[in-house]
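In what follows, chains are A, B, ... by sequence order, proteins preceding strands, each numbered from 1.
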There are 2 protein chains.
Amino acid sequence: MKRDSRLSGVLHVLLHMAQQPGPFTSETLAKAMDTNPVVIRRVMAGLRDLGYVRSEKGHGGGWTLACDLSKVTLRDVYTALGSPALLAMGNRTEAPGCLVEQAVNAALDHAFQDAEALLLARLGEVTLARLADDLRKRLGSRKHQGIGAHHA
Amino acid sequence: MKRDSRLSGVLHVLLHMAQQPGPFTSETLAKAMDTNPVVIRRVMAGLRDLGYVRSEKGHGGGWTLACDLSKVTLRDVYTALGSPALLAMGNRTEAPGCLVEQAVNAALDHAFQDAEALLLARLGEVTLARLADDLRKRLGSRKHQGIGAHHA
DNA sequence: CCATCATGCAACATATAGAGTTACATGAAA
DNA sequence: TTTCATGTAACTCTATATGTTGCATGATGG
């Protein structure tokens with residue numbers, strides 16, 4: 001199966017938005033992400049529904065950050081995307097009658113649940129503000145460049 | 001993406017094989033797993049290459065366990081399958097030039113790697129022997145039944 | 001030797017889900 | 001009223017796990 005990159009993508013968008021005042025059109029963001037405006041709208045829809053961003057139509061419209069970046073974690077963003085599957089593996093059958101399969105599922109579920117819980121916990125530890133801080137460090141002394149400057 | 005159930009499936013096969021002496025034909029195993037013989041051969045191929053099972057052609061042929069069940073962990077089995085992706089999510093771009101994307105990747109990679117490491121560690125803690133023990137407990141006082149008895 | 005049985009494997013079909021694209025409706029600003 | 005921008009449905013494309021068919025290879029038993 002293809003690897004889900006929506007979380008990675010939407011974080012990229014949010015971090016770009018945090019670098020300068022908005023609003024940003026889906027078109028602008030799509031160019032920076034080398035993708036399609038509709039894809040941007042699609043992944044941003046969940047964030048809008050939870051109030052993390054706002055969208056405006058018409059002239060001067062576009063996307064704006066609408067939350068305290070120090071209050072929103074990567075886990076919140078993940079949830080806003082609809083909590084897609086974290087693990088690429090799963091059990092063959094969820095509620096098997098076969099005792100052999102039950103034993104296998106029990107062992108695997110234990111490992112799977114631990115891993116999922118850890119991943120969610122790690123995502124919950126990182127706020128968007130901390131991500132922006134990290135980015136500021138990476139930018140270092142280099143003059144701040146507008147969105148799109150890093151991209152072709 | 002569809003959920004990968006190969007590990008779950010091959011463990012089911014191995015555990016069935018541990019319940020009674022072999023050999024077992026792909027056909028028999030496929031029936032117990034409600035799938036196709038070729039699928040069995042496909043997932044078993046990696047195990048055979050690592051010497052965990054043996055396969056014989058012709059009359060009286062089929063699959064036989066060829067390892068010490070207390071020495072082989074679920075992680076070993078996972079590796080034998082070719083170490084397929086554990087996480088359903090990944091970074092949009094692996095080696096991005098964009099500093100924003102680098103910051104995002106760094107944060108996510110940290111969480112991803114922790115989760116993967118934990119999952120592998122958990123799988124490494126469980127041996128096939130322990131799985132078989134657990135199954136024995138589940139079977140309880142109930143008389144042992146031949147392969148296929150639990151299935152339609 | 002030959003028929004049968006079983007694996008090995010290539011090739012193709014199917015199903016699912018993320019990602020990309022097109023088209024059009026809705027609504028806001030100039 | 002024209003233009004701009006989002007909202008959304010409905011496609012296409014792609015990757016991957018899974019299912020299936022067909023045939024080659026090799027071992028067993030007659």
Could you give the side-chain donor-acceptor pairs of residues 111-123 of chain A under 3.5 Å, partners two or more places apart or in another chain?
| from | atom 1 | to | atom 2 | distance (Å) |
| --- | --- | --- | --- | --- |
| Asp114(A) | OD2 | Arg122(B) | NE | 2.5 |
| Asp114(A) | OD2 | Arg122(B) | NH2 | 3.3 |
| Arg122(A) | NE | Asp114(B) | OD2 | 2.5 |
| Arg122(A) | NH1 | Glu125(A) | OE2 | 3.2 |
| Arg122(A) | NH2 | Asp114(B) | OD2 | 3.3 |

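Partner Leu131(B) forms a side chain to side chain contact (heavy atoms under 4.5 Å, CB included) with one of Leu74(B), Leu69(B), Val77(B) and no other, that one being Leu74(B).
Residue Ser5(A) places none of its side-chain N or O atoms closer than 4.0 Å to OP1 or OP2 of dG18(C). Contact between the side-chain N/O atoms of Thr35(A) and the OP1/OP2 oxygens of dA19(C) is not found at any separation under 4.0 Å. Arg6(B) has a side-chain polar atom (N or O) that falls below the 4.0 Å cut-off from OP1 or OP2 of dT18(D).
Rounded to whole Å, the distance from CG on Leu81(B) to C1' on dA17(D) is 12 Å. Between the CD1 atom of Ile40(A) and the C1' atom of dA19(C) there is a distance of 12 Å, given to the nearest Å. What separates CE of Met33(B) from C1' of dT18(D) is a distance of 12 Å, to the nearest Å. Atom CG in Leu87(A) sits about 15 Å away from atom P in dA17(D), given to the nearest Å. If you take CG of Asn36(B) and P of dA17(D), they are 17 Å apart, rounded to a whole angstrom.
Under a 3.5 Å cut-off, the side chain of Tyr52(B) and the backbone N or O of Met44(B) do not form any donor-acceptor pair.
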Worksheet entry | Letter per nucleotide, 5' to 3', of nucleotides 5-15 of chain C [B base touched, S only sugar-phosphate touched, - untouched; heavy atoms, 4.0 Å] | BSBBB-B---B
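Annotation: side chain to side chain donor-acceptor pair (under 3.5 Å) contacts of Asn105(A) (sequence neighbours excluded): none.
For the residue pair Thr73(B) and Asp76(B), a side-chain donor N or O sits within less than 3.5 Å of a side-chain acceptor on the partner. Looking at Thr25(B) and Thr28(B), their side chains do bring a donor and an acceptor atom within 3.5 Å of each other.
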